[in-house]
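Structure first, commentary second.
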Amino acid sequence: MAFVVTDNCIKCKFTDCVDVCPVDCFHEGPEFLVIDPDECIDCTLCEPECPANAIFAEDEVPDDQKMFIDLNAQLSKDWPVITEVKPPLADADEWNGKLNKYNLISQTK
Ligand code: SF4
Ligand code: F3S
């Protein structure tokens, strides 16, 4: 199992999660982060750190966001590792909590 970044990270990218991951398994794309499931050790540390509540254990991902399980696995192969916290995206607080931001992703592969 692994942890999964889901819809509410999109357009926010608060990056608090990156600070606590002991194995550097977060990868950064233009609008959100993903977790490499092959690297994640299920330590659970990142989940409570996300101000957007966007991180779930794989078996707790909401039904309407199951596609993010494969998306994290795919995109983590292409996107660079991020290891340091950086400022969130502009207007992150406004985007936090908006639903169905999936269509705003510019790169799905
Ligand atoms: Fe990293 Fe732990 Fe979160 Fe997995 S559960 S992404 S190892 S902080
Ligand atoms: Fe995204 Fe939450 Fe991390 S918004 S960048 S998963 S702290």
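As the structure lists them, so they are numbered: ligands from 1, and atoms in each ligand from 1. All values below were derived from every heavy atom in this structure, side-chain atoms included, with hydrogens, water molecules and symmetry-related copies excluded. Position 1 is the first residue of the sequence, and the numbers go up from there.
For P88, the closest heavy-atom approach to ligand 2 does not fall below 4.0 Å. Every heavy atom of F32 sits 4.0 Å or more from the atoms of ligand 2. For K13, the heavy-atom gap to ligand 2 drops under 4.0 angstrom.
Using a 4.0 Å cut-off between heavy atoms, T44 contacts ligand 1 through its backbone alone, with no side-chain atom that close. Contacts between V18 and ligand 2, counted as non-hydrogen atom pairs separated by less than 4.0 Å, are absent for every part of the residue.
Nearest protein heavy-atom contact of atom 1 (Fe) of ligand 2 is C9 SG, 2.3 Å. For atom 3 (Fe) of ligand 2, the closest heavy atom belonging to the protein is C17 SG, 2.3 Å. Considering only non-hydrogen protein atoms, atom 5 (S) of ligand 2 sits nearest to T15 N, 3.2 Å.
Near D16, with a cut-off below 4.0 Å to any heavy atom, the atoms of ligand 2 are 7 (S). Less than 4.0 angstrom separates some heavy atom of L33 from each of these atoms of ligand 2: 5 (S). The distance from ligand 2 to the heavy atoms of C50 drops below 4.0 Å at these ligand atoms: 2 (Fe), 4 (S), 6 (S), 7 (S). Close contacts of ligand 2 with F14, meaning ligand atoms under 4.0 Å from a residue heavy atom, involve 4 (S), 5 (S). Within ligand 2, counting atoms from 1 as listed, the ones closer than 4.0 Å to a heavy atom of P51 are 7 (S).
Under a hydrophobic clustering in which Ile, Leu, Val, Met, Phe, Trp and Tyr are joined whenever their side-chain heavy atoms come within less than 4.5 Å, directly or via other members, W79 and V5 fall into the same cluster. Residues F32 and F56 are members of one and the same hydrophobic cluster, defined by side-chain heavy-atom contacts under 4.5 angstrom among Ile, Leu, Val, Met, Phe, Trp and Tyr.
With a 6.0 Å radius and a threshold of 12 heavy atoms from other residues, nucleotides or ligands, E84 has its CD atom at or below the threshold.
Shown here are the side-chain contact (heavy atoms from CB on, under 4.5 Å) partners of I69, two or more places apart in sequence or in another chain: V4, E58, V61, K66. Partners of K11 by side-chain hydrogen bond (donor to acceptor under 3.5 Å, both in side chains), not counting sequence neighbours: none found.
A side chain to side chain contact (heavy atoms under 4.5 Å, CB included) with F26 holds for exactly one of I55, D19, N72; it is I55.
Among I82, N8, I55, the residue whose heavy atom lies nearest to atom 6 (S) of ligand 2 is I55.
Put simply, the side chain of T6 never gets that close to the backbone of Q65: no donor and acceptor are under 3.5 Å apart.
With rounding to the nearest 0.5 angstrom, the CG atom of D24 is 12.0 Å from the SG atom of C40.
Legend: side chain to side chain donor-acceptor pair (under 3.5 Å) pairs involving residues 25-45, not counting sequence neighbours, sorted by first then second residue: K13-E28, E28-K86, E31-S106, D36-K77, D38-K77.
Residue-and-atom listing of protein N/O/S atoms under 2.8 Å from atom 1 (Fe) of ligand 1, sorted by chain and number: C21 SG.
If you check the side chains of N53 and N8, you find no donor sitting under 3.5 Å from an acceptor.
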